[in-house]
Trainee: 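Once you've had a glance at the structure underneath, I'll fire off some questions.
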Protein chains: 2
Amino acid sequence: MEISVRYPKQPKFFTQRWTPLILRELGAGSHRFSELQQGVPRIPRSLLSQRLNELEDAGDVDRRMDAEGKRPEYHLTTSGQEFFGIVMALGEWGQRWANQDIDPEDVDPDLLMWDMRRRINLDKLPEQRVTVQFDFQGVRQQSFWLMLERSELSVCMFDPGFEIDMIVTADTLTLHKVWMGRTPLQEALRDELITPEGPRALTKAFPSWFALNVFAPIPSAVSQVSTN
Amino acid sequence: MEISVRYPKQPKFFTQRWTPLILRELGAGSHRFSELQQGVPRIPRSLLSQRLNELEDAGDVDRRMDAEGKRPEYHLTTSGQEFFGIVMALGEWGQRWANQDIDPEDVDPDLLMWDMRRRINLDKLPEQRVTVQFDFQGVRQQSFWLMLERSELSVCMFDPGFEIDMIVTADTLTLHKVWMGRTPLQEALRDELITPEGPRALTKAFPSWFALNVFAPIPSAVSQVSTN
DNA sequence: CAGTATCCGATGCGATACTG
DNA sequence: CAGTATCGCATCGGATACTG
């Protein structure tokens with residue numbers, strides 16, 4: 001560790017790009033290579049592979065075959081889990097102190113959707129499958145389809161062909177702000193910045209199954225008004 | 001913050017080399033440019049300057065003039081202090097999990113002395129000034145002189161000319177291991193790996209004023225025996 | 001699907017020299 | 001003492017292509 005009195009040969013590791021994000025995604029529950037790729041979009045596959053190898057060598061990630069012995073899975077080891085705690089602390093710090101004015105270009109709809117998916121409260125939804133279409137407006141226009149069942153949840157980046165039960169339309173940046181707890185969901189709904197369309201029963205239930213980011217409750221420590 | 005859903009233009013900051021070490025040194029109580037340089041040896045002055053500017057721009061470090069309004073001082077802001085907490089958590093993690101076999105080349109006598117100096121318990125020393133010479137043996141042979149007074153403490157890298165009250169001789173790596181809590185001080189003294197020479201009163205008091213690294217009490221989580 | 005190999009361009013950093 | 005400016009090398013990582 002750099003914090004120590006000695007200087008390691010490789011000042012690598014958490015200093016390297018992507019590594020903390022990969023640890024975050026592992027800690028959040030992704031275990032397959034493809035899941036990790038979704039949770040850390042924009043990372044080249046070659047780098048994800050390389051980083052996972054490094055983390056395995058360092059003893060922070062355990063690579064093993066799944067129950068059927070077919071496909072590889074990645075899990076945090078004890079040291080990896082402890083490091084994940086630090087990554088979360090970084091996240092909290094970011095939520096408290098990070099710059100408030102966000103460049104819309106920096107918000108990634110894919111990652112936003114992937115993160116939101118993880119927090120969705122399936123047991124607040126009806127028994128039968130619900131298909132929700134998300135229309136992201138703004139600089140990066142994009143649509144997603146969520147198939148929500150009690151036992152399973154999947155995201156598509158193309159229309160799956162099922163009947164659409166509900167369409168949620170929102171500007172990507174707005175949705176990001178709500179997701180991060182910077183704008184109250186109720187306010188955005190009231191102002192029709194986020195518009196759920198469909199049967200009343202579903203649109204009304206929307207706020208109950210659409211949970212926010214884990215950091216959303218943490219308030220910003222930066223005054224919103226002044227510019228210094 | 002990278003941990004969030006957005007990708008900042010500059011994935012900079014704590015990812016950058018030296019930045020966490022500078023924050024550590026600031027948190028440890030160094031405020032002058034020259035102190036920071038000593039506490040973060042091997043950093044080019046130009047980079048230290050650059051990093052301090054970046055940290056100031058980010059609002060994590062406050063640069064101001066000292067009481068006499070003569071020389072600049074650097075202090076952590078609130079956000080900087082909170083980040084310092086994370087840096088300390090990184091340090092703890094390192095102490096628990098970092099590789100046990102240390103390359104002697106990686107241990108920096110300058111930094112070791114600078115760190116030890118900070119923890120010395122001055123009120124466990126006699127009233128009058130005590131001059132202690134430290135002889136570091138091993139790959140990087142080097143000597144230091146500590147002038148210890150009740151009110152002040154200074155380190156020299158050359159013989160200050162005062163009468164030497166005590167000479168402590170030790171291999172640099174051994175001293176590092178003791179400093180990090182990996183080898184008990186009493187054991188190293190008993191085995192004469194660390195040899196304080198001088199008046200009995202002083203050598204006997206040595207363990208009382210020579211305090212270890214803050215992380216020393218944290219045990220390693222890595223089994224020392226097995227090699228996997 | 002789950003990777004690996006290679007190549008090339010960007011940038012980060014260390015060395016050196018210079019300034020108030 | 002407390003910096004800043006410049007410059008060239010090394011490394012890091014993104015793109016692309018290929019493999020079991």
Side-chain angles (χ1 to χ4, degrees), chain A residues 2 7-22 25-26 30-58 61-75 108 110-111 154-157, chain B residues 2 7-22 25-26 30-58 61-75 108 110-111 154-157:
Chain A
E2 294 197 310
Y7 286 84
K9 292 251 160 35
Q10 345 186 39
K12 281 196 173 197
F13 206 50
F14 84 99
T15 326
Q16 301 212 125
R17 190 162 190 198
W18 301 116
T19 307
L21 292 174
I22 293 169
E25 191 60 22
L26 283 163
S30 289
H31 300 295
R32 316 223 86 111
F33 193 86
S34 52
E35 291 173 327
L36 292 168
Q37 247 192 289
Q38 291 213 58
V40 191
R42 305 197 198 181
I43 188 177
R45 271 208 315 297
S46 55
L47 264 194
L48 175 55
S49 166
Q50 189 181 312
R51 291 288 185 274
L52 287 169
N53 284 331
E54 288 163 1
L55 285 166
E56 195 186 1
D57 290 346
V61 164
D62 175 37
R63 179 199 168 127
R64 55 169 181 262
M65 288 301 162
D66 66 2
E68 289 99 56
K70 305 284 286 180
R71 286 156 54 180
E73 277 185 355
Y74 300 89
H75 290 267
D108 191 312
D110 295 280
L111 182 50
S154 52
V155 194
C156 284
M157 300 186 57
Chain B
E2 294 197 310
Y7 286 85
K9 289 251 159 35
Q10 348 185 37
K12 282 197 170 194
F13 206 51
F14 83 98
T15 326
Q16 302 214 122
R17 191 164 188 196
W18 302 116
T19 308
L21 293 173
I22 294 169
E25 191 61 20
L26 283 163
S30 288
H31 301 294
R32 317 224 85 111
F33 192 86
S34 53
E35 292 174 326
L36 292 168
Q37 247 192 290
Q38 291 212 59
V40 191
R42 304 195 198 182
I43 187 178
R45 270 208 316 298
S46 56
L47 263 194
L48 175 54
S49 166
Q50 188 181 312
R51 291 288 185 274
L52 287 170
N53 285 330
E54 288 163 1
L55 285 167
E56 196 186 0
D57 290 346
V61 163
D62 175 39
R63 179 199 169 129
R64 53 170 182 263
M65 289 300 162
D66 66 2
E68 289 100 56
K70 306 284 284 180
R71 287 155 55 180
E73 278 186 355
Y74 300 90
H75 292 264
D108 191 311
D110 294 280
L111 182 50
S154 51
V155 193
C156 285
M157 302 186 57

Trainee: Compare the minimum distances between each of C:dA2, D:dG3, D:dG14 and the side chain of A:L47, then state the nucleotide with the smallest one.
Mentor: D:dG14
Trainee: Grab the CG-C1' distance between A:L36 and C:dG3 for me, whole Å please.
Mentor: 13 Å
Trainee: Identify which nucleotide among C:dG14, C:dA2, D:dA2 has an atom closest to any side-chain atom of B:P72, counting heavy atoms from C-beta outward.
Mentor: D:dA2
Trainee: Can you say whether the rings of B:H75 and B:H31 are parallel (under 30°), tilted (30 to 60°) or perpendicular (over 60°)?
Mentor: parallel
Trainee: Does this structure show an ion pair linking B:D66 with B:R32, if we count only N-O contacts that are shorter than 4.0 Å?
Mentor: yes
Trainee: Between C:dG3 atom P and A:L52 atom CG, what is the distance in whole Å?
Mentor: 8 Å
Trainee: Roughly how many Å is it from CG in A:L48 to C1' in D:dG13, rounded to a whole number?
Mentor: 14 Å
Trainee: Using whole Å, what does the distance between atom P of nucleotide C:dG3 and atom CD of A:E35 come to?
Mentor: 12 Å
Trainee: Round to a whole Å and report the spacing from CD of A:E54 to C1' of D:dT11.
Mentor: 13 Å
Trainee: Under 4.0 Å between a side-chain N or O of A:R71 and OP1 or OP2 of C:dA2?
Mentor: yes
Trainee: Just to confirm, is there a sub-4.0 Å distance from OP1 or OP2 of D:dG14 to any side-chain nitrogen or oxygen of A:W18?
Mentor: yes
Trainee: Checking the side chain of A:R51 only, and the main-chain atoms of A:R17 only, is there a donor and an acceptor separated by less than 3.5 Å?
Mentor: yes
Trainee: Find the distance A:L55:CG to C:dG3:P and express it as a whole number of Å.
Mentor: 14 Å
Trainee: Which nucleotide sits closest to the side chain of A:P44: D:dG14, D:dG3, C:dA2?
Mentor: D:dG14
Trainee: I need the minimum non-hydrogen distance between A:D108 and A:R42, along with the two atoms involved.
Mentor: OD2-NE, 2.9 Å
Trainee: Return the value, rounded to whole Å, for the distance between atom CD of B:Q50 and atom P of C:dA15.
Mentor: 15 Å
Trainee: What is the minimum heavy-atom distance between B:E35 and B:E25, and which atoms define it?
Mentor: O-OE2, 4.1 Å
Trainee: Counting only Watson-Crick or G-U wobble pairs whose two distances fall under 3.5 Å, which nucleotide matches C:dG20?
Mentor: D:dC1
Trainee: Between the base of D:dG3 and the side chain of B:R45, is there any donor-acceptor pair under 3.5 Å?
Mentor: yes
Trainee: Nearest-Å distance, CD (A:E68) to P (C:dC1)?
Mentor: 16 Å
Trainee: Mind checking if B:S46 touches a base, just sugar-phosphate, or nothing, with heavy atoms under 4.0 Å?
Mentor: base
Trainee: Given D:dA2, is OP1 or OP2 found less than 4.0 Å from the side-chain N or O atoms of B:R63?
Mentor: no
